[in-house]
Amino acid sequence: MATVSVSKKACSVNPLKMSQPIGGTLAFLGLANCMPILHGTQGCTAFGLVLFVRHFREAIPLQTTAMNEVTTIMGGMDNVEQALVNIYKRAKPEIIGLCTTGLTETRGEDIHGDLKLIRKRNPELANLPIVFVNTPDFKDAFQDGWSKTVTRIIEELVTKATETIPGQVNLLPGSHLTAADIEEIVEMIAAFGLTAVVLPDLSGSLDGHIPEQFSPTTIGGTTVDEIRGMGGSLATIAIGQQMERAALELEMRTGISYTVFDRLTGLDANDRFLMHLSGLSGKPVPLKYRRQRSQLVDAMLDSHFFCGGKKVAIGAEPDLLWALGSLLAEMGCEISAAVTTTQSPLLEKMPCDEVLIGDLEDLELRAKGCDLLVTHSHGRQASERLGIPLFRAGLPCFDRLGANHKLSVGYRGTRDLIFQVGNVFLEHTHEGTPDSWPLPDIAMNNSSVRGELVEP
Amino acid sequence: MLGFVPYPSLHAHLNLHHTCADYCPACLFVGFATQLHRQPSHLQTISYPNYSGLAQCLLNTGTHHLERSIVAGLNIKVQEAFSEPGCDKNLAKDEKERKKGCTKQLVPGAAAGGCAFDGAKIALQPITDVAHIVHGPISCEGNGWDNRGSKSSGPMIYRTGFTTDISENDIVYGGEKRLYRAIREVIEKYDPPAVFVYQTCITALIGDEIEAVCKAAKEKFGKPVIPVNVPGFVGSKNLGNKLAGEALLDYVIGTEEPETTTPYDINIIGEYNLAGEMWQIKPLLDHLGIRVLACISGDARYHEVASSHRAKAAMMVCSRAMINVARKMEERYGIPYFEGSFYGISDTSDSLRQLAKLLVQRGAPEDLLARTEILIRREEARAWERLNGYRKRFEGKRVLLFTGGVKSWSVVSALQEVGLEIIGTSVKKSTEEDKERVRQLVSDEAHMLDDLRPAEMYKMLKEARADIMLSGGRSQFVALKARMPWLDINQERHHAYAGYEGMVTLVQEIDKALYNPIWAQVRKPAPWESEIHPLSLEGRN
């Protein structure tokens with residue numbers, strides 16, 4: 001159980017947090033043939049774009065309403081209209097996602113009303129799905145933007161179905177999951193004879209594949225038809241606490257009941273998940289996973305020597321912090337410092353004394369004397385200064401390859417993760433030297449002690 | 001969902017702040033901070049009962065009021081930046097055209113590139129020993145800090161991300177106090193020789209007056225605190241570069257004195273030491289006894305920039321990005337400058353010659369000219385010795401070059417020097433003068449591409465009309481997804497390409513990209529597919 005506190009500093013130093021609008025954008029990037037737009041200046045888009053390009057090493061379709069100081073004051077409806085019309089003309093997307101920014105939120109725009117008017121004025125847009133989300137960047141963080149966006153997509157597109165599609169389940173993955181994670185979960189679900197509709201599906205769009213043709217929009221992901229069909233699923237599975245909001249919205253609209261798995265990293269967590277799938281499908285857990293479970297147990301046995309008692313400092317968004325922190329604690333590590341970006345009901349359940357909503361400076365101060373630093377690539381400077389190895393987790397990861405193919409869910413993902421972390425500990429084992437075990441000063445220098453020995 | 005006014009900020013703002021009833025809420029809203037500071041006694045409280053009233057007023061009063069707003073002070077700066085006597089392209093325009101600025105109006109839904117704030121950060125962050133505080137919401141710094149390849153030979157504080165990360169409360173109550181406290185925290189914890197404060201859109205919009213905060217902080221803490229007034233919405237990256245230059249001219253350059261001066265002191269303006277490129281040039285200058293008094297701003301220290309007004313000559317590197325700095329330093333301090341490039345063998349040699357010439361004109365001993373020629377001869381020979389081996393390997397290889405401004409011609413000539421054929425170069429961001437230079441080099445208008453859309457770029461590569469593309473990070477996937485070699489020559493590049501050494505590196509990198517063994521395999525269709533890549537048939541590498 002942890003006390004949750006919020007940093008009181010006026011100046012955030014080395015931010016851990018990224019903004020809500022680009023979290024929302026990333027969710028849109030998991031839809032097929034989609035073009036996300038940030039309703040702000042071109043810089044709002046440029047920074048997000050560069051961040052994603054460096055992390056995913058993929059082309060990122062992302063546009064801007066290109067607001068300037070006059071349109072900001074006078075209202076951005078004309079810019080939204082022009083952006084929608086231009087994008088429709090040039091890129092022919094199947095769906096457009098529009099995230100607001102702090103700039104347009106400070107003025108306060110009635111985008112809902114504006115969109116109605118815009119659709120009326122431009123008949124070609126009348127039937128184009130356009131989902132807008134309010135994501136001011138002076139509030140909340142990346143994962144909030146992601147979950148709000150998924151919720152809004154559901155609000156706009158999902159309706160109650162008249163009949164259920166046999167074996168179909170909805171999967172709502174949180175922003176902390178990679179393409180590899182999503183693939184793994186989908187495969188686990190499929191092993192029970194179920195089919196998952198994933199919303200949003202980064203494993204289709206940003207998994208680094210080569211499309212047949214050049215596309216100005218996303219090159220894979222959830223299609224609009226698939227989203228519309230979600231109302232016919234037999235159940236909803238949400239991964240990460242952040243997705244409860246979206247799952248709840250889905251239940252309220254369609255009556256489909258949901259289950260939230262706050263993490264799929266760890267033995268217990270996956271046991272529960274597989275039993276849930278077994279219950280949903282009425283099928284026993286496949287042999288493959290019995291084998292994988294056994295491998296994970298073996299991995300835990302092999303690795304616990306190196307993890308036990310190790311002090312770890314973690315900086316991550318709440319759901320990732322929870323997944324990694326819980327696993328490491330289960331492996332015997334001590335979570336000495338935990339810093340996160342935004343509020344979540346999981347924070348107070350963390351297996352450590354304090355969780356701070358703060359920045360990487362806070363983490364660096366608290367990480368002194370730790371054995372491992374776990375955070376995104378921006379932790380590299382702190383790691384160097386502290387002389388503590390950095391285990392990269394979360395977005396952005398711009399100084400390592402294959403960020404989106406890192407697997408850390410399922411028995412198999414947990415097994416690999418434990419090995420990776422264990423290897424870092426192994427590599428940094430302190431080996432003894434002749435001077436490693438000196439006697440206390442008092443024994444060496446105190447003549448009275450020596451005196452006693454000479455004259456008993 | 002949310003109806004009108006999802007955030008009460010505007011309304012609350014007007015209620016919470018004393019505002020002058022004579023003015024329309026639009027300009028009060030934008031400019032209240034200015035009003036507050038100027039005439040506190042005339043102020044009286046008014047409140048606007050509802051937002052739609054305000055919206056109505058906004059619509060009725062139009063933009064003329066905006067000119068009196070806080071952005072007004074900035075507008076003067078922007079107009080100044082747009083009227084650049086040092087820029088011939090600008091001089092050719094009439095008054096009205098000039099007001100529109102250098103860049104084309106951005107098209108919503110079809111725009112790419114950074115904002116003015118981004119540009120200012122690019123230009124100033126390479127000053128390595130100062131703290132750069134971004135006053136704005138988390139997007140402006142949180143999404144993009146420590147993401148540039150500007151190298152430092154010493155201090156690392158420039159790579160620390162400082163931001164006020166303003167919250168909803170700051171928007172309602174104003175963010176000036178938070179900014180002031182942030183400056184204090186940074187000075188107490190990190191003690192830099194100076195602090196740079198960057199204005200962003202939202203804090204400009206709510207009327208935070210960063211100049212006043214910086215002035216107060218400077219007086220209180222006894223350290224230079226430099227306001228960089230570049231909210232992103234005033235324009236493009238290029239404008240941001242210029243406004244950053246203005247901040248240096250207004251608050252930094254000429255405020256300190258160098259310990260010593262020599263007849264060989266120069267400034268290099270618009271060089272950001274990406275991937276350490278300055279360090280490929282510095283040994284050449286060191287050998288000649290030329291001292292870089294200040295590089296503005298690559299690997300610079302605050303003190304160097306502050307005392308750069310004592311240089312004898314200057315070289316302007318990045319085309320138009322900081323022309324205002326070069327020109328105004330010539331006007332104010334009589335420092336002559338020339339525009340040059342360190343990309344390519346002959347351009348590097350020309351630049352060294354020009355530097356020597358300017359210094360001799362300013363009184364340096366004449367033997368510098370001869371010594372420069374000797375160095376050039378020796379270094380050119382040493383470079384060619386290493387480059388000649390590539391000529392054969394580059395025979396018939398075609399390059400699609402996609403970059404901006406100065407690089408469109410300086411890199412063209414550099415690549416031609418080693419025998420590569422340029423089948424296209426972008427001139428979108430180039431000035432008339434840049435274009436003229438390209439024209440002389442490629443002799444074919446068709447090779448000058450004004451605006452190549454990614455789909456067209458992809459087609460050119462897919463059809464193997466080029467063997468390699470050289471461009472910035474954003475377009476890399478257009479080449480890679482067409483399974484064609486690509487090399488990064490923009491700001492995120494990992495290799496240094498300046499001077500003679502840099503040219504050798506560039507050629508090595510191009511060769512590595514062209515002849516990497518992966519191409520044969522990655523272009524081969526899967527055994528169960530029939531689609532055949534054009535190059536896999538020809539059996540070319």
Side-chain angles (χ1 to χ4, degrees), chain A residues 9-15 17-19 21-22 37 41-44 46-51 53-54 58-59 63-70 72-75 79-80 82-87 90 101-103 105-108 110 112-113 134 136-139 210-211 214 216 378 381 398, chain B residues 1-7 9-10 26 30 51 58 63 66 71 106-111 113-115 117-118 133 137-139 141-147 159-168 171 178 181-182 185-186 201-202 205-206 231-234 454-455 458 473-474 477-478 481:
Chain A
K9 297 186 298 192
C11 188
S12 167
V13 183
N14 294 335
K17 181 169 72 171
M18 287 169 308
S19 74
I22 64 160
I37 314 173
T41 72
Q42 60 169 344
C44 304
F47 283 117
L49 191 76
V50 170
L51 183 93
V53 165
R54 294 177 82 208
E58 286 295 313
Q63 260 304 331
T64 170
T65 55
M67 298 290 282
N68 59 34
E69 78 263 50
V70 175
T72 301
I73 304 295
M74 303 305 289
N79 285 50
V80 172
Q82 278 184 53
L84 291 172
V85 168
N86 282 331
I87 287 168
R90 298 179 133 212
T101 60
L103 184 66
E105 290 288 355
T106 301
R107 179 181 181 272
D110 173 25
H112 193 74
N134 293 99
D137 39 16
F138 47 76
K139 264 182 82 177
I210 304 207
F214 178 81
H378 281 305
Q381 290 188 53
F398 48 74
Chain B
M1 267 313 283
L2 295 165
F4 215 34
V5 209
Y7 292 88
S9 41
L10 258 184
V30 203
Y51 179 84
L58 276 166
T63 45
L66 290 176
V71 188
L106 295 168
V107 183
C115 57
F117 158 70
D118 196 6
I133 303 181
I138 193 67
S139 287
E141 182 71 351
N143 295 350
W145 65 281
D146 191 22
N147 71 351
R159 282 181 60 199
T160 307
F162 295 106
T163 175
T164 48
D165 181 13
I166 57 159
S167 66
E168 206 165 19
I171 293 191
R178 179 185 276 270
R181 286 192 5 237
E185 283 177 13
V186 169
C201 300
I202 297 186
L205 192 61
I206 61 171
F233 58 26
V234 298
Y458 178 82
R474 279 164 176 237
F477 305 104
V478 175
K481 298 284 181 191

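It should be emphasised that the depicted structure is a prediction, and the values quoted were computed from it without experimental measurement. We use all heavy atoms of the structure for the numbers below, so side chains are in, but hydrogens, waters and symmetry mates are not. Numbered from 1 within each chain, the chains take letters A, B, ... in sequence-line order.
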Which one wins on heavy-atom pair count under 4.5 Å against chain B: [options]?
{"options": "A/Gly43, A/Ser19, A/Pro211", "result": "A/Ser19"}
{"options": "A/Ala59, A/Cys44, A/Ala66, A/Pro216", "result": "A/Ala59"}
{"options": "A/Lys9, A/Gln381, A/Arg54", "result": "A/Gln381"}

### Message
Any non-hydrogen side-chain atom of A/Thr72 less than 4.5 Å from a side-chain atom of B/Cys201?
### Response
no
When rounded to the nearest 0.5 angstrom, what distance separates [atom1] in [X] from [atom2] in [Y]?
{"X": "A/Ile210", "Y": "B/Phe477", "atom1": "CD1", "atom2": "CZ", "value": "11.5 Å"}
{"X": "A/Glu69", "Y": "B/Phe233", "atom1": "CD", "atom2": "CZ", "value": "6.0 Å"}
{"X": "B/Ile206", "Y": "A/Phe138", "atom1": "CD1", "atom2": "CZ", "value": "9.5 Å"}
{"X": "A/Thr106", "Y": "B/Leu205", "atom1": "OG1", "atom2": "CG", "value": "6.0 Å"}
{"X": "B/Asn143", "Y": "A/Lys17", "atom1": "CG", "atom2": "NZ", "value": "10.5 Å"}

Counting heavy-atom pairs under 4.5 Å with chain A, which one of [options] comes out on top?
{"options": "B/Asp165, B/Val478, B/Thr163", "value": "B/Thr163"}
{"options": "B/Val186, B/Thr160, B/Thr164, B/Asp146", "value": "B/Asp146"}
{"options": "B/Arg181, B/Arg159, B/Arg178", "value": "B/Arg159"}
{"options": "B/Pro231, B/Gly232, B/Gly144, B/Gly114", "value": "B/Gly114"}

At a heavy-atom separation under 4.5 Å, does [X] approach chain B through its side chain, its backbone, both, or neither?
{"X": "A/Thr41", "answer": "side chain"}
{"X": "A/Leu49", "answer": "side chain"}
{"X": "A/Met18", "answer": "both"}
{"X": "A/Gln42", "answer": "both"}
{"X": "A/Val50", "answer": "side chain"}

#### Entry: Which atoms of B/Phe162 approach chain A - backbone, side chain, both or neither, heavy atom under 4.5 Å
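Both parts, heavy atoms under 4.5 Å.
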### Query
With A/Asn79, which of A/Ile37, A/Thr64, A/Thr65, A/Asn68 fulfils side chain to side chain contact (heavy atoms under 4.5 Å, CB included)?
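Output: one option passes, namely A/Thr65.
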### Query
Among all residues two or more places apart in sequence or in another chain, which pass the side chain to side chain donor-acceptor pair (under 3.5 Å) test with B/Glu185?
none
### Task
Give me the ring orientation class for A/His378 and B/Trp145: parallel if the planes are under 30° apart, tilted from 30 to 60°, perpendicular past 60°.
parallel
